[in-house]
Amino acid sequence: MRGSVKKAFVGAAVAAGLAVGGSAAQAEDVFKFGGVFTLSGPASFLGLFEEAAVRLAVEQFMKGDCIVEAIPAQPCEGGGLKIGDKKIPIEWKAYDDVSEDKKSIDAVTRLVEQDGARAIWGPRMNSAVLSAASILDPQSIISICAICSSPAMTVGRKWGHDITDTGVIEKHAISKFISESPERLKEHGIDPKIFEGRKKTGFIGRNELYTVHGSIGWEEGLKQWGGKYSYSDADKVLFPQGTTDFAPFVAKLAEQKPDIVMMDSYIVPDMLAIMKEMKKQGLDFETGKIVLLGNDVLMLQFLVDLAKKEGINMSSGYVWGWQEHNPAQDPATLARVEKYVKIYNEKYGSTEVGNSSPFDRGAYDAAIWFLYGVQAAGTITDNAAIVKAWRSLKINGLRGPENQFFVRPDTGEVTGQLMATEYIIGVKDDKVFYTGINYRDDLFFGPYVYGDKLPK
Amino acid sequence: MIESLLPTRSARAIVGWSIVAAILVLLWVLVDNNYYLRLLISAGIAMIGVIPFGLLMGHMGYMAMGQGGFIGVGAYVVGCLTVQRFEIDIWAALPIAIMVVGALAYAFSFALFRLRGYHFSIGTLALGQLLYLAFDSWEWATGGPHGTSGIPRPAIGEFVFATNSRFLIIVSVFVFLAGFTSWWLARGHVGRALNAIRQDEDLAGARGLDVLRYKQLIFTFAAVWAGLAGGLYGSMQISIDPSSFTIWGSFQYVIYVIIGGAGTLLGPVIGVIFITVLDQLIADVGVWNQMILGALIVITVLFFRGGLWGGIRMLWALALKNRSADRSAVSTQAGAAE
Amino acid sequence: MDPILEIRDLSKRFGGVEAVKAVSFDVPRGSLVGLIGPNGAGKTTFVNLVSKHESPDTGSVLLDKRPIHRLPSFKVARAGLARTYQKNRLFFEESVSENIRTAMIWGGAAKHQDLSYPGLKGKEEERTAELMEFFALTAQRDALPSGLSHLHRRRAEVAQALALAPKLLMLDEPFAGFSREEAFDLIDHLKVCQKGGLTMLLIDHNMEVMLEVCEYLFVMHHGALLASGTSAEVRANPEVINVYLGAET
Amino acid sequence: MSAFAQQLIYGTSYGMNLAVAAAGLALLFGVYRVINLAHGQLIMFGGYIAYVVTTGLGLHFFVGFAAAMVAMGVAGVILEISVFRILQRRPATDQLLASLGVYMMIGILALRIWGDFEARPINMPGEEGAILLGEDIRIDFARIVTIAITIAVFAVLYFVVYRTHLGRTMRATAQGPETATLMGIRKREVAALVFFIAGALGGAAGAMLGGLFNVRPDMGFQPLLMALIIIIFGGMGSLIGAIIAGLVLGILYNLTVFYVGSKLGDLVPFAVLLIILMVRPQGLFGLPGRRA
């Protein structure tokens with residue numbers, strides 16, 4: 001009785017407009033997989049390609065056309081997830097959070113309660129991640145993010161998975177690189193004089209949590225590797241979102257007279273503008289007055305090309321960053337990447353999503369990896385089993401072989417944080433190149449990576 | 001004459017606002033879906049802030065564009081007191097938050113009410129932006145860009161309002177209170193003053209009205225409720241960061257009031273419901289959803305004078321007219337037949 | 001002479017323009033005096049200064065020996081100084097009776113025992129009804145200002161100002177747009193009030209009517225007081241003729 | 001000291017940009033008492049038009065600049081016909097909200113056409129060179145170009161407003177509808193022209209801002225916010241007020257970022273605005289005695 005009244009009421013009054021998504025139904029025969037992405041608003045470029053890559057992964061899993069094969073014994077056959085003898089179709093549903101916390105959580109709740117999703121991709125903003133955790137964790141719903149830099153995704157959480165390195169880890173890797181011994185640098189064909197006599201480092205980035213974490217990671221890392229360089233978190237230069245004139249910010253950076261500058265931004269227009277202004281204000285990385293360091297976006301070939309068009313020469317030997325792997329080193333990976341890029345670009349290249357970059361590759365990897373994890377668990381209802389199976393699974397993906405989750409050294413517990421290799425790369429003759437230096441196990445330390453409590 | 005009507009009118013208001021609150025509670029009884037509950041809670045919280053704001057903007061004609069700042073102050077005071085720096089019960093934190101927001105709004109009202117029209121709007125916008133900068137920079141109290149997380153849900157004794165359905169009860173009570181106090185102010189003395197201020201505040205002053213006092217009263221009143229809405233918002237979201245309290249949060253309130261219908265008490269309520277439903281409807285549209293929202297805002301403003309509530313009343317009046325026209329047509333025919 | 005309004009050295013400057021320059025004069029209790037001057041003489045600014053719509057830079061204003069130049073406009077109104085506006089101003093969404101009642105509520109109850117013009121005694125409804133009857137507005141009681149004729153609107157405005165039960169009423173260009181008959185009709189009403197103890201300061205540039213009506217006149221020119229005196233004196237003043245009458249005739 | 005001088009120079013250039021961004025808004029506000037929030041997106045879209053013409057078609061910067069002005073002028077006219085004409089007798093809040101809706105629509109349109117991942121640079125004359133004063137004060141040619149453009153734009157604007165028939169009718173309209181009717185002004189044509197000029201000024205600001213760095217979908221927001229402040233700060237519809245207020249804000253912004261804290265760029269300008277408004281509600285150059 002109550003049920004029918006409720007249905008009538010909900011159907012008639014409120015839900016007339018709301019219930020478009022359909023009701024949560026039989027969880028047994030379909031695997032419901034949902035996502036919350038920023039598709040409009042200031043951070044939409046991150047959401048657009050992430051959503052596109054995950055959607056592509058789901059489609060390929062359904063078609064049996066996976067580029068990456070994680071478990072040879074259980075190939076991607078098509079028709080859905082192979083659970084026992086049955087094929088279970090995957091249903092993918094994504095919402096736009098318009099860069100608003102509240103809408104993120106609205107969407108998460110909708111996915112869980114209305115669409116019956118058992119695993120959720122996103123959200124990625126810090127407070128949204130924390131709020132979402134309070135909804136997802138009690139219901140043991142798996143949450144995943146492939147371009148989150150927020151430690152909130154995994155720290156102290158049983159169900160959270162961060163399948164990328166965080167801003168902190170990136171800075172650890174680069175700070176380790178510039179603290180290397182001259183011998184090690186020489187070994188990899190890098191002139192140690194580049195870093196000789198340099199002491200003071202500066203830090204510039206957009207005012208947001210990623211950069212705030214990055215600055216802390218930078219300070220931590222420089223201390224950790226011997227304290228040869230000076231940096232204090234208080235000296236970071238942060239510009240607001242939507243800045244149109246970078247002069248005062250670069251001037252503030254130049255005022256600190258740094259020998260090395262870490263540009264911690266992933267916004268291409270901002271990065272180009274800052275580099276242009278740095279050159280003008282004497283922070284010249286072309287002549288070696290400073291060394292410019294950056295993250296993975298700085299080491300994208302298309303950015304190097306764009307910079308060249310703008311009259312910025314990045315191949316002076318004084319610009320360094322990192323990337324997640326070098327497909328050229330491994331023919332199997334290279335073949336996968338080439339095939340993937342072709343498919344991706346045909347599908348999305350002409351739309352606002354744009355051409356493939358290492359970031360959508362990471363998201364694609366993560367999605368395929370997760371779906372294999374579900375298959376390996378042999379269940380779509382027992383999330384504990386899924387998490388256990390997935391975390392113990394390694395993957396040879398587009399980002400290189402043997403991707404796996406990080407194991408805490410103190411407790412031996414497998415966490416939800418990806419343990420990726422950080423490859424140091426630079427620019428030579430207008431082309432990005434891998435130095436051969438890479439880091440893995442020794443990078444992970446500190447509360448931002450596996451601490452039990454989030455810093456206040 | 002009007003005095004003799006008052007008991008009935010106040011009874012009607014109590015009944016009216018009880019109905020709004022009761023609908024929320026009733027939905028709690030009927031709906032056990034957390035998704036709908038969450039939408040109801042967030043709509044309720046928006047109503048708590050926006051009904052009193054409607055008095056300021058609609059009745060008094062002062063469009064404040066910094067309400068997001070007051071929402072943020074409410075949320076952060078609660079956050080700071082309950083988790084960030086202290087561990088005070090949220091029931092104690094909420095009144096403190098209200099007092100802080102009230103004091104802040106009252107203090108700034110002296111300065112802001114030297115301004116009128118667009119100048120006032122932009123003055124409040126500047127204030128909202130300054131508060132936003134404070135949220136982002138004063139890490140001791142707000143956690144800076146990290147934000148504040150773990151804001152608790154209220155409890156009475158053993159009864160914790162942790163679940164959405166229970167939280168909705170509290171929100172409904174406050175929606176009732178916000179609606180009722182707003183109605184209480186909008187009627188009689190204060191309402192007459194507000195209407196006069198909107199029409200011609202110089203004249204009102206020349207006829208003996210203490211214009212500044214009423215302006216300050218309503219500005220503080222709206223800010224206090226926005227602060228309470230902020231405190232409840234923090235409790236609903238559990239974690240907050242500065243990005244929730246930008247200028248867009250302030251614009252959101254303006255949108256609710258104008259879309260719903262400025263100058264009426266029910267208009268903002270309708271605005272909140274309309275935008276909440278619309279947001280969910282367009283969520284399925286994908287990447288063009290904000291385009292549709294923008295277009296609908298433009299169309300509503302262009303073609304519905306007095307917002308949706310104005311539109312509804314117009315259609316209602318039209319329907320009544322048609323009906324009476326039909327009736328008179330029928331009676332004329334009847335008369336002719338006789 | 002027992003002045004009800006004493007104005008001393010009132011000045012106001014806007015940017016580079018001195019709109020009112022050190023104006024001083026007294027208004028005797030119970031009188032009907034006029035302030036005249038050509039357009040742009042600073043008359044309206046002067047009214048705004050006295051009613052505190054603008055704050056004077058220097059100078060003082062005493063109403064019944066009580067300084068009012070530091071009070072906000074609503075307290076000036078409550079102290080017993082009411083004014084009307086050059087451009088007709090009423091609450092445009094309220095009916096005529098509501099407009100009048102509103103001023104009664106805010107202005108406080110009639111507390112001036114020495115006054116006895118219409119609309120001072122009784123409860124609010126009685127006072128409103130009396131004022132409307134006095135100004136022949138009873139038929140328009142529920143009409144909105146936009147639905148009134150110019151004549152009725154002006155009367156409603158004066159009625160609203162009188163609802164404050166003021167000691168002194170300042171009328172800014174009350175005859176604008178009026179025919180001679182209409183103007184004298186309004187003056188007849190005002191004279192009834194004067195008999196009841198109301199003091200009035202009329203501001204207008206219509207010399208002809210003003211010279212006929214006012215017992216005493218002040219002439220303003222370029223923000224300063226140029227001359228003062230009875231009609232005959234003003235009419236004979238060569239300076240006034242020069243700046244004012246000469247220009248008009 | 002030289003750092004201070006350098007910040008003054010950067011602030012001047014930024015302030016000039018803001019003044020152009022605000023000029024269109026100030027014009028509309030001065031003549032019609034309309035605040036067009038969509039102006040921020042006209043700035044952004046103007047930047048993209050200049051990008052398409054300059055970088056895409058390989059034409060000279062000034063061709064792109066002119067194209068941006070014309071295109072955004074037309075966009076302004078379209079806005080006038082489709083939105084503001086319908087709302088002319090409605091409350092200011094309605095106009096504000098409608099223009100906010102347009103703001104959202106144009107923003108999404110640009111985002112969907114160009115995306116926001118790649119940089120869209122515009123080549124501007126004099127991008128490389130600079131004048132050096134002493135050891136460490138430099139004035140980039142590009143900034144000199146923007147300052148020169150600003151002065152030229154304002155000179156033309158001044159001429160149009162104070163020396164032409166159109167300007168007289170505009171000022172008459174600003175005096176009030178009655179004056180305009182008395183002068184027999186044909187309202188529609190004037191409105192279309194005023195909106196065209198305002199839109200064109202937005203396009204010019206976009207092309208200049210884009211020329212200094214590059215074009216992105218959110219580039220209209222900060223100039224819009226600053227422009228709102230400038231038109232109030234500088235006084236209603238006052239051109240000279242817009243330039244001076246723009247300069248003051250631009251310099252304050254730069255000095256705050258440099259000396260107070262990089263995150264607090266808005267802090268001092270907003271605080272100063274609040275204080276100034278308290279002391280002089282009519283703005284720096286507003287007509288005294290006239291209330292908004």
Side-chain angles (χ1 to χ4, degrees), chain A residues 2 5-7 9-10 13-21 23-24 39-41 44 47-48 51 93-96 98-103 105-107 109-115 125-131 133-135 139 152 207-213 238 240 352-353 454-456, chain B residues 23 26-27 29-40 42-43 45-46 83-85 133 136-137 139-140 143-151 164 233 236-244 246 248-249 252 273-274 276-291 293:
Chain A
R2 204 190 138 202
V5 172
K6 181 188 134 188
K7 259 185 200 154
F9 194 85
V10 172
V14 226
L18 307 184
V20 192
S23 59
L39 303 178
S40 35
S44 60
L48 285 168
E51 196 274 334
K93 183 124 200 162
Y95 295 111
D96 181 5
V98 203
S99 306
E100 284 175 28
D101 271 9
K102 192 186 147 287
K103 293 226 173 90
I105 308 307
D106 284 350
T109 320
R110 183 170 183 174
L111 284 167
V112 172
E113 303 292 337
Q114 197 65 19
D115 304 332
M125 288 171 291
N126 188 59
S127 72
V129 169
L130 287 167
S131 301
S134 67
I135 295 169
Q139 301 197 51
N207 182 22
E208 58 180 317
L209 200 64
Y210 165 79
T211 321
V212 169
H213 284 151
L238 301 178
E352 70 265 18
V353 175
L454 275 176
K456 266 194 176 160
Chain B
I23 288 174
L26 191 68
L27 290 171
V29 178
L30 296 173
V31 177
D32 54 8
N33 177 319
N34 265 314
Y35 165 56
Y36 292 137
L37 284 172
R38 186 185 150 81
L39 293 183
L40 288 169
S42 50
I45 289 175
V83 285
Q84 182 74 9
R85 285 294 148 194
L133 286 174
D136 197 43
S137 309
E139 296 200 9
W140 182 87
H146 289 283
T148 301
S149 61
I151 301 170
N164 282 337
Y233 174 82
M236 171 184 85
Q237 283 287 89
I238 292 164
S239 102
I240 49 171
D241 73 13
S243 66
S244 304
T246 58
W248 294 106
Q252 195 76 33
I273 294 170
F274 176 74
T276 306
V277 172
L278 187 69
D279 266 344
Q280 301 312 310
L281 281 177
I282 60 174
D284 279 329
V285 179
V287 294
W288 290 95
N289 60 55
Q290 291 302 293
M291 189 83 165
L293 183 60

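Keep in mind that this is a model prediction, so the values were computed, not measured. Chain letters run A, B, ... following the sequence lines, proteins first, then strands; residues in each count from 1.
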Trainee: Which distance, rounded to the nearest 0.5 Å, do you find between the CD1 of B:Ile45 and the NZ of A:Lys102?
Mentor: 9.0 Å
Trainee: Can you confirm whether A:Asp106 sits close enough to B:Leu39 that some side-chain heavy atom of one is under 4.5 Å from a side-chain heavy atom of the other?
Mentor: yes
Trainee: Heavy-atom distances under 4.5 Å only: say whether A:Leu48 touches chain B with side chain, backbone, both or neither.
Mentor: side chain
Trainee: Which distance, rounded to the nearest 0.5 Å, do you find between the CG of B:Asn164 and the CD1 of A:Ile135?
Mentor: 7.5 Å
Trainee: Among A:Glu208, A:Met125, A:Lys103, who wins on heavy-atom pairs under 4.5 Å with chain B?
Mentor: A:Lys103
Trainee: To the nearest 0.5 Å, what is the distance between CD1 (A:Ile105) and OG (B:Ser239)?
Mentor: 7.5 Å
Trainee: Considering only heavy atoms and a distance below 4.5 Å, find which of A:Leu111, A:Asp96, A:Leu39 pairs most often with chain B.
Mentor: A:Asp96
Trainee: State the CG-OG distance between A:Asn207 and B:Ser137, to the nearest 0.5 angstrom.
Mentor: 7.5 Å
Trainee: Once you round to the nearest 0.5 Å, how far does CD of A:Gln114 lie from OH of B:Tyr36?
Mentor: 4.0 Å
Trainee: Please check: side-chain N/O of A:Arg110 versus main-chain N/O of B:Gln280, any donor-acceptor pairing under 3.5 Å?
Mentor: yes
Trainee: Atom CG in B:Asp279, atom CD in A:Glu100: separation rounded to 0.5 Å?
Mentor: 7.5 Å
Trainee: Quick one: what part of B:Asn289 sits under 4.5 Å from any heavy atom of chain A, side chain, backbone, both or neither?
Mentor: side chain
Trainee: What heavy-atom pair brings A:Val212 and B:His146 nearest, and what distance separates the two atoms?
Mentor: CG1-NE2, 4.0 Å
Trainee: Taking the side chain as C-beta and beyond, is there a heavy-atom pair between A:Val112 and B:Asn34 under 4.5 Å?
Mentor: no
